Amino acid sequence: MTALSSIQTPRAVAARLSESLSKAPRQLFIGGKHVDALSGRTFATTNPATGEELCQVAHAGPEDVDLAVKAARRAFEDPAWRRMSAMDRSMLLYRLADLIERDAHELAVLECLDNGKPATLTRLVEIEGSIKTFRYFAGWPSKFGGETLPVSPRGGLQILNYTTREPVGVAALIVPWNYPMSMAAWKIAPAVAAGCAVVLKPAEQTPLTALRLAELALEAGFPAGIINVVTGFGDAGAALVEHPGVDKVAFTGSTEVGKAIVRASTGNLKKVSLELGGKSPQIVLPDADLSAAAASIAQGIFFNQGQTCTAGSRLYAHEAVYDELVEAIAGHARALKIGNGLDEDVNFGPLISEEQWNQVSGYVEIGVNEGARVLTGGARPSGLDNGYFFEPTILGDAQAGMRVVREEIFGPVLSALSWKDADQLIAEANNSDFGLSAGIWTNDIKSAHRIAGAVKAGSVWINCFNLVDPATPFGGFKQSGWGREHGRQAMELYSETKSVWVNLT
Ligand code: NAP
Ligand code: MG
């Protein structure tokens with residue numbers, strides 16, 4: 001090993017980061033400055049692989065949220081931002097993408113420390129995905145305009161009618177802990193591309209990469225106050241949602257909090273978009289390539305320790321292939337290398353917290369009491385006594401109506417069901433409060449498209465799963481949310497359309 005690569009191993013980077021993090025609490029980032037919470041309060045963020053405290057973080061209250069919203073408003077109204085050319089706005093996003101790329105390794109290790117997710121995978125998937133997201137939306141400012149429309153006025157008036165797109169204003173971005181960096185990128189990139197100013201509220205469990213991202217944005221040249229970060233708990237999120245100075249809320253998180261946000265945002269009728277929970281079906285027909293399906297279905301439920309909104313957590317395997325398929329998925333589950341994500345061969349880390357560990361193990365118990373059978377996993381892996389590790393788990397003999405088939409577990413637990421009647425299969429796959437995504441495995445083109453048309457889901461993957469790209473819309477049917485992120489639709493979420501009538505008579 002060369003001297004350079006030994007300096008840059010995840011463990012070496014982690015040691016350097018931990019040392020600097022332990023020196024002083026991480027502060028809020030408001031108006032381009034690091035500031036303490038007005039109350040002086042802080043809270044601990046911990047490493048889920050060890051359960052140990054990483055550092056203290058400023059604990060924002062409503063008074064800090066108010067300062068952040070006012071800083072965002074000032075920056076939003078500043079002519080330097082409002083009149084900035086589309087190309088100049090693009091360049092800021094490109095520069096931010098370049099800085100994330102420069103610091104990719106460090107950001108991946110920071111996320112690993114704060115969230116537990118394996119550093120190598122995080123760099124490949126989340127950090128690369130965030131870079132791609134900023135580069136994709138960097139192209140939009142110069143392409144997102146209005147239209148000239150052929151209106152038909154009465155009385156022979158000659159009218160020129162055209163539309164313009166204007167930024168919605170100050171956007172509150174509230175994100176969860178499962179993909180902290182990507183969720184921040186998915187929201188910040190289209191919001192600033194559309195010309196908004198933002199206040200980001202990361203989850204209490206994972207505030208560190210969001211704070212780093214705001215620093216990088218300032219380095220990239222974003223005016224102070226365009227990107228603000230308030231770290232804290234649910235009450236800070238609630239203060240944002242209620243704040244009369246906020247024009248739009250973009251939220252990713254649980255369906256329960258999403259509903260509370262809708263209720264709380266009525267004061268000034270904020271525009272609200274929601275990316276919520278899921279319970280996505282993986283539908284396997286008897287002619288499918290079982291080996292490809294098994295590998296992808298395992299990945300689709302166990303990646304990120306199952307803490308993924310689109311996780312394919314309900315398997316519907318045709319009865320003719322059920323045993324073989326489930327055994328093959330179990331083989332992939334047993335082959336995962338579980339451990340501290342700083343070790344480069346680890347591809348399965350801990351759950352985020354003790355609370356989440358209790359939720360996941362509680363659901364396995366509920367499944368067993370309902371009559372399901374643990375085919376693999378179901379407990380803490382032996383030898384990993386610290387941290388919140390839970391084995392990748394398959395519950396066989398699952399039946400429609402069981403809680404483990406209906407409710408989002410948000411952990412590495414696959415509920416496996418078998419089917420024989422195609423019509424009943426569709427009805428069962430759609431028998432869910434959620435509608436985020438679905439996987440279909442077959443080589444029969446007609447069946448594939450027929451099922452794709454029949455499932456109620458925002459994303460459908462045929463012979464693949466969990467592919468996501470900033471060019472194509474992402475979001476849910478039913479209680480999985482409102483609106484779509486990515487693509488042109490994300491630009492629309494952060495803008496208003498104005499229709500201008502000019503009398504030329
Ligand atoms: P959560 O409890 O709903 O929290 C999400 C965010 O909302 C956090 O920043 C949280 O702050 C904040 N918050 C809590 N109460 C609030 C309130 N009353 N008003 C405003 N903000 C509030 O979700 P989670 O447990 O962190 O994340 C897991 C959930 O997210 C799962 O249900 C998952 O399916 C969903 N998810 C969905 C998608 C998607 O795109 N559809 C993607 C990822 C995750 P605190 O952290 O301080 O509580
Ligand atoms: Mg939470």
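Note that the structure is predicted; figures quoted are calculated from it, not measured. We count ligands from 1, going down the list as the structure has it; atoms in each ligand are counted the same way. These numbers come from the heavy atoms of this one structure, side chains and all, not from hydrogens, waters or symmetry mates.
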Going by distance only, is there an N or O of [X] that falls short of 3.5 Å from an N or O of ligand 1?
{"X": "Glu204", "value": "yes"}
{"X": "Thr255", "value": "no"}
{"X": "Ser254", "value": "yes"}
{"X": "Gly253", "value": "yes"}
{"X": "Gly234", "value": "yes"}
{"X": "Leu276", "value": "yes"}
{"X": "Val175", "value": "yes"}
{"X": "Lys201", "value": "yes"}

>> Under the criterion ring pair (Phe, Tyr, Trp, His ring centres under 6.0 Å), I'd like the reasoning laid out for Phe474 against Trp186: C-alpha separation, chi angles, the key distance, then a yes or no.
In response: CA-CA 10 Å; Phe474 178 92; Trp186 287 22; 5.0 Å; yes

> Looking only at heavy atoms of Phe251, does any of them come nearer than 4.0 Å to an atom of ligand 1?
Replying inline: yes

> Can you tell which of Asn304, Val468, Val257 gets a heavy atom nearest to atom 16 (C) of ligand 1?
Replying inline: Val257

> With respect to atom 24 (P) of ligand 1, which of Trp177, Phe233, Phe434, Trp186 exhibits the smallest heavy-atom separation?
Replying inline: Trp177

Without hydrogens or angle criteria, can the side chains of [X] and [Y] be said to hold a donor-acceptor pair below 3.5 Å?
{"X": "Tyr316", "Y": "Glu428", "value": "no"}
{"X": "Thr310", "Y": "Asn466", "value": "yes"}
{"X": "Thr497", "Y": "Arg165", "value": "yes"}

>> Which residue is it: Gln305, Glu126, Gln307? I am looking for the one with a side chain to side chain donor-acceptor pair (under 3.5 Å) to Lys117.
In response: Glu126

>> Is it the case that the side chain of Ser353 and the backbone of Gln356 share a donor-acceptor pair, with hydrogens and angles ignored and the cut-off at 3.5 Å?
In response: yes

>> For Gly277, is there any backbone N or O sitting under 3.5 Å from a side-chain donor or acceptor partner on Ser480?
In response: yes

